[in-house]
Each structure stands twice: as structure tokens, then as C-alpha cells.
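The next block holds one structure in the form of C-alpha cells; read it before the comments.
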Amino acid sequence: MPVVTIEQVASHAGKEITLRGWLYNQRQSGKLLFPQFRDGTGVIQGVVSRKESPQVFETLAGLTQESSVEVTGVVRADERAPGGHELQVTGVTVIQKIPEETPYPIQLKEHGVDFLLENRHLWIRTPRQAAILRVRDQAIFAAREFMHQQGYVLTDSPIFTPSSCEGTTNLFEVDYIDERKAYLTQSGQLYVEATAAALGKVYCFGPAFRAERSKTRRHLTEFWMLEPEAAFARIDDMMLLAEGLITHMIQSTLERCPRELATLKRDTAKLAAVRPPFPRISYDEAIELLHRHGNPTSWGDDFGGDEETILSSEYDRPVIVHRYPTAIKAFYMQPDPERPELALGFDILAPEGYGEIVGGGERISNYELLMERLRQNELPEEPFRWYLDLRRFGSVPHAGFGLGVERTIAWITGAEHIREVIPFPRTIYRLYP
RNA sequence: UGGGGCGUGGUCCAAUCGGUAGGACACCGCACUGUUAAUGCGGAUGGUGGAGGUUCGAGUCCUCCCGCCCCAGCCA
């Protein structure tokens, strides 16, 4: 008896097969039983007649939701079944029955956020959550595929770091060996600047940690970033790369996850519109645009949620905002030679209110200027010695960016909250499960 | 870190002015040969986040604590 997955059943129509999985739900109608099985690849409805298979009927009828089973049956195309195919069950082996006294806690009805997050380890079994995690897998796969195609080498950055990367946000401090302190990285960028000088075009992909007390739907304390860095690259090269990366993530998800996006009821027309070129506007132009919309932000201010919403709602695809005032950007940003008060940096704002998904730009390659910026930002010199070395030994212009994986996936899936798009979200007040 | 809000059976909610804490779902049983979060009837279980206060009487009012959510800030 071939063991197949539910996503493969269509190609076994008319044949007897075996499925391994869980009892997702069950309905009874007189002498007919409609168990629904899931195995991680999908859900299929079974049908059992009491008259024809009394033993199988009794076994399944006594089973509780999410009990684990191995079922055998004949695959039949049937329009009445969700998914178009159903399983005429001929045999069932119970692997574990959940006792009636302690039923499975997640119902197919509505639940509150707190309860679901407290039961995240079980919540991920529901079709919507499983679909999100599959889209996450596809989007990440596509991102790495694209980077590889573009000739970028994966050189991951360390998680333990001796100090802050940007010095602005709060870091998680951990005990290291022998009473030393280490910090969880908030960005791998500084390290890919080093590997870029070694390998040319590189990127890192990994978690980043921020001890900020951010409590919005766009923030996690632990999240994933993809950070490319390339020697000799300029700001325009990076805008082009980011545009290509985002487009590839979107288009290949559309192509390879149509079922998941349908489960999520995502409006795919909005995603299909995401093609290069993305609109590019300067910070100056963005300020003008805001003023035309009656927003009072004055030149020199950074943009908040309201401003991002106004800017991104002008376009049907992500918008790139470039050349922000140096004062509101990180210490390592290269000033624009034509207007030193501006930094050669850019952000990409996702449509539909998903906010900033990319931030990047050119880095300072001059030793003296970088030293000056470290002092201005009151950062210690010692932990950055190696970083300064990069400006002493064959310094070249270079640029890169960071892409927030969860924000991007929240946008692709249409998730209300970023915490739904990572298997086990970590937020300021939640460390369980 | 500021501002706002919410904690009631396992879950989702209701409870008028301070006056007997209730329903639905889940679970169990019965009925139903095409159900789609099935439906109908019946059953058992079980709760006001915690401490104190006001009151004849507190889910409801007051104080403190705990937990969580939303918005802003910071950022990806």
C-alpha cells in the first residue's frame, strides 16, 4: 500500500492508498461519517459507511479531534468534498487517541489572541497558520535563490557580539564565559562589510535581536534579516538589488504557493502588480508630497507610521525613499558629496500599510570620517577597532541593505500581525512557548 | 518609555442602577445516507486574575498588585 501525502492524492484517484496524520474534524450524518484528515500538506475528507465498514466506522466515530491515525482508503474525485477529492476509508489504525477528558484545546471556532499565542505550539496546526509558514519557507527560499543567482555569497554574521552595531537601540546582554558580557546582535551588517572586502558580494541571513520596548504589530524582539553587502557598490546598485530581491520573493511565492495564498484569502492581484521599477523619491520630494497631503512634517524630521502610510498609499508597489538627512540616519552612512547634509541611504516602504521593509545605503569608507562619526555618536572605539581596520587596509566604496523578513512575509500573506508569520514569536511580554 | 483598553466555566461572550452569575461552543449520549465551523434533542463538568477596602449586599464602585492587548516612540 503506497503511503502518500494529501497534496499528492489527486494523482492517485481510483487507487487505494495510506495516509498518516491527524483527525482534523469529523461530522456524522446518520450511517455516514465524514472524518477530515490533515497531514501537514493539506486536509482531505474521508467518508465511511456504517453498513459497509462497521469496524472502521466505530473506531473513527469514537476518535477525538487531533488524535493521530494511519488511514487506508480509496481516493475518489467528488465535487461534494472540499478539495475535490475524498477518501473512501477502508482501514484505520489509531496511533494515539486524545482522551475525552482532556480534549484538544484549539477549536475550529474563534479564539482570542492571548489564548492562541499561549498555545502557539498547537495553533500552527490550523490551516491558516500552516499556510503562512509555508509561504514563509517559499519566500525565504526565493530570497536565497535570488541572492545566489546574483553571485552573492552567504557569509553569516555572529549572534554574540562584543558591542552595539548602531549604538542607538537597546541590546540584550548575556553572560559570556568568565564574567564577560556579550550582546545579541541587532544586525549582521558590520560583519558583512568585512566579508564583502574578502569575497566581493556577500550577504548574511539570520536572527536579529532588539531589546526595545516596541509593542506594535510590526515589531518582535527576535526577528530575521537578510543583509547583502557589496564592495564597490553604490546606492543605486543596492536599490536595484533590493527591487529585484523583493520582486523575486513576491513572484515566486505567487507562482509556487497559490493554494496557500488562497487559504489566506490574499488579494493576489495586488501582489502581481509588484514589478520593477519601483518608484524612487528623494527625502526632499517625500516632504513636499507630505505637505501636499496636509502632513506637517518639517525637513529634518524622521517619518513615523502616519507619514509612511501617506507615502506608500501613493503607489501600487513598494516605494523607495532615498537621501535622508544625515542627522537621522546611522553613524556609518556615507554623506552625499553634492549635499553633505544628506546621507546616501534609502528605505523601502511596503504597500498596504506594512511599513518599512528595507533600510540601507552606502557606508563611510574614509577612516577619518568614520572616526569622527563614532566620536559624535559617543561610541567606544575599542570594539570597533576591527571595523575601522576595514578603512585602513584597502578601503573601497561599498553599500548594502537589510531586509526585514517578517515584515516582508506579513505583507505577502496579508497577516494582520507580524507575530503570525514566525513559528514562535518573541515579543516584549511573551517568551512562551 | 508615554497614552488608552481588557481580564467572567476548557474556549468565545452576556449579566440594566450595586441585588439569585447565564448562554453558546467544546466534551458525552441519542437521531439523521452527502456533511462543509453540519443540524436537532438530551446530559455531565465547571468561572468573576490576586490582595485589601466601601456596603445589608460587589463581576459591577475605590486602592494596590499581576497578566495581556492596542496606539505612539524606536526601528526591520
Side-chain angles (χ1 to χ4, degrees), chain A residues 24-36 43-52 57 61-62 64-66 76 78-83 86 88 98-119 122 126-128 165-170 186-189 207-227 242 301-308 328-330 347-350 354-360 401-411 416-419 421-422 427-430 432:
Chain A
Y24 172 65
N25 192 16
Q26 184 152 250
R27 278 179 288 276
Q28 199 173 338
S29 179
K31 305 291 181 285
L32 276 184
L33 193 63
F34 299 98
Q36 289 190 314
V43 176
I44 188 171
Q45 172 171 289
V47 59
V48 192
S49 152
R50 174 176 261 163
K51 208 156 102 188
E52 289 164 31
F57 189 98
T64 41
Q65 187 196 1
E66 284 298 312
R76 291 195 322 203
D78 193 312
E79 286 179 1
R80 293 168 295 186
E86 68 180 10
Q88 179 85 43
I98 300 178
E100 282 92 358
E101 310 83 65
T102 56
Y104 185 69
I106 311 275
Q107 301 175 27
L108 273 42
K109 309 269 179 180
E110 30 180 10
H111 287 292
V113 176
D114 188 47
F115 177 80
L116 290 171
L117 286 173
E118 199 67 15
N119 289 281
L122 304 175
T126 59
R128 180 183 155 79
C165 297
E166 300 180 17
T168 52
T169 50
N170 298 320
Q186 59 184 331
S187 163
Q189 184 209 312
F209 306 87
R210 305 267 164 98
E212 284 287 333
R213 294 184 167 270
S214 301
K215 294 178 291 190
T216 77
R217 71 178 82 172
R218 300 189 308 277
H219 289 88
L220 298 170
T221 53
E222 177 183 311
F223 63 100
W224 287 65
M225 279 205 290
L226 190 156
E227 298 175 274
D301 291 345
D302 206 353
F303 301 144
D306 288 351
E307 289 75 35
E308 286 184 1
I328 55 171
K329 284 291 168 186
D347 287 348
I348 301 185
L349 308 176
Y354 284 94
E356 186 185 336
I357 52 173
V358 164
F401 64 85
L403 175 130
V405 170
E406 282 77 19
R407 284 190 186 173
T408 306
I409 294 166
W411 166 44
E416 191 88 344
H417 197 297
I418 195 175
R419 67 187 158 213
V421 309
I422 186 167
T427 59
I428 175 102
Y429 293 129
R430 194 170 288 281
Y432 178 93

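Numbered from 1 within each chain, the chains take letters A, B, ... in sequence-line order. Just so it is clear, the values below take in all heavy atoms, side chains as well, and ignore hydrogens, waters and symmetry mates.
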Q | Atom C1', compared across rA44(B) and rG59(B): separation rounded to whole Å | A | 25 Å

Q: Name the closest nucleotide to the F115(A) side chain, picking from rC71(B), rC74(B), rU11(B).
A: rU11(B)

Q: Kindly determine whether W224(A) and I422(A) satisfy side chain to side chain contact (heavy atoms under 4.5 Å, CB included), including the steps that lead there.
A: CA-CA 9 Å; W224(A) 287 65; I422(A) 186 167; 4.0 Å; yes

Q. Of all the choices, rC69(B), rU1(B), rC75(B), which nucleotide is nearest to the side chain of R213(A) once you look at every atom?
A. rU1(B)

Q: Produce a footprint string for nucleotides 27-37 of chain B: one letter per nucleotide, 5' end first; B if the base is under 4.0 Å from any protein heavy atom, S if only the sugar-phosphate is, - if neither.
A: SS---BBBBBB

Q | Watson-Crick/G-U partner (both atom distances under 3.5 Å) of rC64(B) | A | rG50(B)

(Q) Can you identify which nucleotide, out of rC75(B), rG73(B), rA26(B), has its nearest atom closest to the Q107(A) side chain? (A) rA26(B)

Q.
Rounding to an integer number of angstrom, what distance separates rU20(B) and rU16(B) when you compare their C1' atoms?
A. 16 Å

Q) For the side chain of R218(A) and the backbone of R407(A), is there at least one donor-acceptor N/O pair under 3.5 Å apart? A) no

Q: Would you mind checking if R430(A) and E118(A) are paired as a salt bridge, meaning a charged N to carboxylate O distance below 4.0 Å?
A: yes

**Q.** Rounded P spacing from rG19(B) to rU36(B) in Å
**A.** 42 Å

Q | Gap between atoms CZ and P, on F303(A) and rG73(B) respectively (whole Å) | A | 13 Å

**Q.** Nucleotide rG10(B), atom C1' - distance to CD1 of I106(A) in whole Å
**A.** 11 Å

Q: Could you state the atom-to-atom distance from CD of E227(A) to C1' of rC75(B) in whole Å?
A: 13 Å

Q | Step-by-step side chain to side chain contact (heavy atoms under 4.5 Å, CB included) determination, R210(A) to F223(A) | A | CA-CA 9 Å; R210(A) 305 267 164 98; F223(A) 63 100; 3.6 Å; yes

(Q) Can you tell me the base-pairing partner of rA58(B)? Count Watson-Crick or G-U wobble geometry only, both distances below 3.5 Å, and say none if there is no partner. (A) none

Q: Using Watson-Crick or G-U wobble geometry with both distances below 3.5 Å, tell me the partner of rG29(B), or none.
A: rC41(B)

Q: Mind checking T102(A) for me? I need base, sugar-phosphate or nothing, with any heavy atom below 4.0 Å counting as a touch.
A: nothing

Q: Select base, sugar-phosphate, or nothing to describe what F223(A) touches, counting heavy atoms under 4.0 Å on all strands.
A: base

Q) Taking a pair as Watson-Crick or G-U wobble with both distances under 3.5 Å, which nucleotide is matched to rU20(B)? A) none

Q. Looking at rC69(B), rC70(B), rC75(B), which one has an atom nearest to any side-chain atom of R217(A)?
A. rC70(B)

Q) How is G355(A) classified with respect to the nucleic acid when contacts are heavy atoms under 4.0 Å: base, sugar-phosphate, or nothing? A) nothing

Q: Indicate, with a heavy-atom threshold strictly under 4.0 Å, whether V358(A) touches base, sugar-phosphate, or nothing.
A: sugar-phosphate

Q | Complementary nucleotide of rU1(B), counting Watson-Crick and G-U pairs under 3.5 Å | A | rA72(B)

Q) Just how far is it from atom NZ of K215(A) to atom OG1 of T427(A), taken to the nearest 0.5 Å? A) 10.5 Å

**Q.** Presence of H417(A) side-chain N/O under 4.0 Å of rC70(B) phosphate oxygens OP1/OP2
**A.** yes

Q. Does any N or O donor sit under 3.5 Å from an N or O acceptor when you compare the side chain of S214(A) with the base of rC75(B)?
A. no

Q: Keeping the roles fixed (side chain from E86(A), backbone from D78(A)), state whether a donor-acceptor pair exists under 3.5 Å.
A: no

Q: Just name whichever nucleotide pairs with rG9(B), Watson-Crick or G-U, keeping both distances under 3.5 Å, else none.
A: none

Q. Can you tell me how far P of rA26(B) sits from CG of L122(A), to the nearest Å?
A. 18 Å

Q | Protein-nucleotide distance (K215(A), atom NZ; rC6(B), atom P), rounded to Å | A | 16 Å

**Q.** P spacing across the pair rG52(B) / rA58(B), given as an integer number of angstrom
**A.** 14 Å

Q: Pick the C1' atom in rA21(B) and in rC27(B), then give their distance to the nearest Å.
A: 22 Å

Q: Quote, to the nearest angstrom, the P distance that separates rC25(B) from rC6(B).
A: 28 Å

Q: Identify the nucleotide, in any strand shown, that forms a Watson-Crick or G-U wobble pair with rA15(B), with both distances under 3.5 Å; if there is none, say none.
A: none

Q.
Can you check the distance between rG57(B) and rU39(B), where both ends of the measurement are the P atom (answer in whole Å)?
A. 45 Å

Q: Identify the heavy atoms of P35(A) and V47(A) that sit nearest to each other, and give their distance.
A: CD-N, 4.1 Å

Q) Between the base of rC12(B) and the side chain of H111(A), is there any donor-acceptor pair under 3.5 Å? A) no

Q | Whole angstrom value for the distance that separates P of rG73(B) from CG of D302(A) | A | 10 Å

Q) Could you walk me through whether E307(A) and L349(A) pass the side chain to side chain contact (heavy atoms under 4.5 Å, CB included) check? A) CA-CA 11 Å; E307(A) 289 75 35; L349(A) 308 176; over 6 Å; no

(Q) What's the gap between rG29(B) and rG9(B) when it is taken at their P atoms, as a whole Å value? (A) 26 Å

Q | Euclidean distance, atom CG of residue L220(A) to atom C1' of rC75(B) [Å, nearest integer] | A | 12 Å

Q: Evaluate the criterion side chain to side chain contact (heavy atoms under 4.5 Å, CB included) for residue pair H219(A) and I418(A); output intermediate values, then yes/no.
A: CA-CA 7 Å; H219(A) 289 88; I418(A) 195 175; 5.8 Å; no

Q) In the strands shown, is rG34(B) matched to any nucleotide by a Watson-Crick or G-U wobble pair with both distances under 3.5 Å, and which? A) none

Q) Taking CD1 from I428(A) and C1' from rC70(B), how many angstroms apart are they, rounded to a whole number? A) 15 Å

Q: Would you name the heavy atoms of R76(A) and Q88(A) that are closest together and state the gap between them?
A: NH1-OE1, 2.8 Å

Q. Between D114(A) and D347(A), who's closer to the 5' end of RNA chain B by nearest nucleotide?
A. D114(A)

